[in-house]
K.L.:
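Please read through the structure below; I'll follow up with questions.
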Amino acid sequence: MTEPSPRAYVPFVSVDAMMALVHRIGLAEMLTGIANYIEADFLRWEEFDKTPRVAAHSPDGVIELMPTSDGQLYGFKYVNGHPKNVKNGMQTVMAFGLLAHVDTGAPVLFTEMTLLTALRTAAMSALAARHLARPDARVMAMIGNGAQAEFQALAFGAICGIEEVRLFDIDPAATAKVARNLACSELRVVRCRSAEDAIEGAQIITTCTADKANATVLTDNLVGAGVHINAVGGDCPGKTELHRDILERAQIFVEYPPQTRIEGEIQQLDPDHPVTELWQVMAGESTGRRDELAITLFDSVGFAIEDFAALRYINDQVQASGTTQKLDLLADPDDPRDLFGMLQRAAPAQAA
Ligand code: NAD
């Protein structure tokens, strides 16, 4: 069988290649690098095509497509969210994505994005906290110790200077896993028996649980003045983590309001409840934390521009290192209009 011509191959980053890239660059540096790319793209927010992600809901979960473009490049991510998967040995969140040239539609890069989603979500969370949390925050409660948890903890260490993480999960095995994985990090790791115990002395509270329900991971009485809440796990209609009373007391910051009103914690509030767009805080157009007693809440759901920025970051890294595989994804007839004729490349050889 004839090989496609070299120009037809799409650079592909496999899971193996992504793992190797993380080790070569270093996790802290990669999280910081992705955060810088996200911030750069948030600062040119108006240049992007934006739409709430396209979601296909089912009783057990959701499958979503997340597209955006800056006019030069187009990106999309395929991602799911199925909290019950873990019981069957599968991940709650799995993803892959693509970056393409707008002027031709030709793909630039195709990549795994399960690891990349964990990295970009953690980078985004820590970036938001850098703008919203009190600068003297050194202790973070980490409620929900699943697949995202270590990435979150390490991003807050690298980007916000967090020194202690206080872990809680309803499944002690999950907490033990995170404690084991973070044992070699510079973070001080404390295992806790309850959410209440975990938030003791914490200036930042991250909730990153998975349950397809309007859960109450945090109640209002647990949240003291001056705390920053990084609410990651409520990201789908009917899937929230915080008691509504917390939302009423907090200054609320979001990525893209039309999507967050559907998916975020604020789905519990009136549709005109005031929220601030994070990009405006980064651009100096809106105030972030009002004062040191305010409760700030980043109602994270994950927005396409964050994935676009992460794709750009990975593309720049792999272009520099040439570590992609060649994926035979695109048909490449010798004459662009002779797609049918291209089939002959795979025709069985005629007997002489
Ligand atoms: P996971 O299934 O691997 O882990 C979730 C953990 O939450 C489990 O260990 C579970 O035992 C724990 N948990 C469930 N209910 C709890 C409760 N009431 N209190 C304490 N712990 C509880 O999932 P994951 O991949 O770590 O993702 C976590 C959440 O983050 C999911 O809901 C996912 O959809 C969401 N997520 C959001 C973004 C974003 O950008 N906002 C990105 C990725 C994932």
Side-chain angles (χ1 to χ4, degrees), residues 34 38 53 55 57 60-64 66 77 79-95 97 113-128 141-153 155 166-179 181 191-199 205-219 222 229-243 253-256 259-260 262-266 278 297-307 309-310:
I34 293 172
I38 294 174
R53 56 185 160 195
H57 297 283
D60 289 336
V62 63
I63 295 175
E64 297 162 324
M66 303 173 68
K77 180 169 84 173
V79 64
N80 76 307
H82 287 75
K84 284 187 186 163
N85 273 5
V86 172
K87 287 195 188 92
N88 303 319
M90 292 169 72
Q91 289 172 100
T92 297
V93 176
M94 301 175 278
M113 288 191 79
T114 304
L115 278 166
L116 192 55
T117 292
L119 290 162
R120 79 83 157 117
T121 304
M124 181 68 225
S125 286
L127 177 62
M142 182 76 232
I143 301 174
N145 300 157
Q148 312 297 319
E150 294 88 341
F151 298 91
Q152 288 281 328
R166 301 177 62 78
L167 307 174
F168 172 67
D169 194 293
I170 47 172
D171 179 358
T175 303
K177 178 244 358 170
V178 177
N181 284 338
R191 294 199 220 179
C192 302
R193 288 167 189 270
S194 65
E196 191 170 3
D197 183 12
I199 65 168
I205 302 172
T206 290
T207 55
C208 195
T209 66
D211 192 1
K212 194 142 173 42
N214 291 118
T216 306
V217 173
L218 270 186
T219 48
L222 295 181
I229 304 171
N230 170 42
V232 179
D235 58 358
C236 201
K239 178 166 173 269
T240 55
E241 295 180 303
L242 307 182
H243 193 282
F253 299 85
V254 302
E255 293 140 315
Y256 180 54
Q259 183 178 314
T260 313
I262 299 168
E263 302 179 351
E265 296 300 325
I266 58 171
L278 207 45
L297 164 64
F298 172 37
D299 187 0
S300 160
V301 291
F303 185 53
I305 294 176
E306 293 148 38
D307 297 304

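Just so you know, these numbers come straight off a predicted model, no measurement behind them. Just so you know, ligand 1 is whichever comes first in the structure, and atom 1 is the first atom listed for that ligand. One is the number of the first residue; the rest follow in order along the sequence.
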K.L.:
Does some side-chain heavy atom of Lys177 sit less than 4.5 Å from a side-chain heavy atom of Glu150?
P.N.:
yes
K.L.:
What pairs with Glu255 under salt bridge (charged side-chain N to carboxylate O under 4.0 Å, His left out), at least two apart in sequence or on another chain?
P.N.:
none
K.L.:
Applying salt bridge (charged side-chain N to carboxylate O under 4.0 Å, His left out), name anything that partners Glu306, two or more places apart in sequence or on another chain.
P.N.:
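So Glu306 forms a salt bridge (charged side-chain N to carboxylate O under 4.0 Å, His left out) with Arg120.
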K.L.:
Can you see whether Asn145 engages Thr175 through a side-chain donor-acceptor pair at a distance of less than 3.5 angstrom?
P.N.:
yes
K.L.:
Under a strict 4.0 Å criterion on non-hydrogen atoms, which protein residues are in contact with ligand 1?
P.N.:
Val86, Thr92, Val93, Arg120, Thr121, Ile143, Gly144, Gly146, Ala147, Gln148, Phe168, Asp169, Ile170, Asp171, Ala174, Cys208, Thr209, Ala210, Val217, Val232, Gly233, Asp235, Lys239, Ser300, Val301, Gly302
K.L.:
Compare every heavy atom of Gly302 with every heavy atom of Met66, then report the nearest pair and how far apart it is.
P.N.:
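Taking every non-hydrogen atom into account, CE-O, 3.4 Å.
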K.L.:
Do any side-chain atoms of residues 81-95 form donor-acceptor pairs under 3.5 angstrom with protein atoms, and if so which ones, sequence neighbours left out?
P.N.:
{"unit_1": "His82", "atom_1": "ND1", "unit_2": "Asn80", "atom_2": "ND2", "d": "3.0"}
{"unit_1": "Lys84", "atom_1": "NZ", "unit_2": "Asp60", "atom_2": "OD1", "d": "3.0"}
{"unit_1": "Asn85", "atom_1": "ND2", "unit_2": "Gln91", "atom_2": "O", "d": "2.9"}

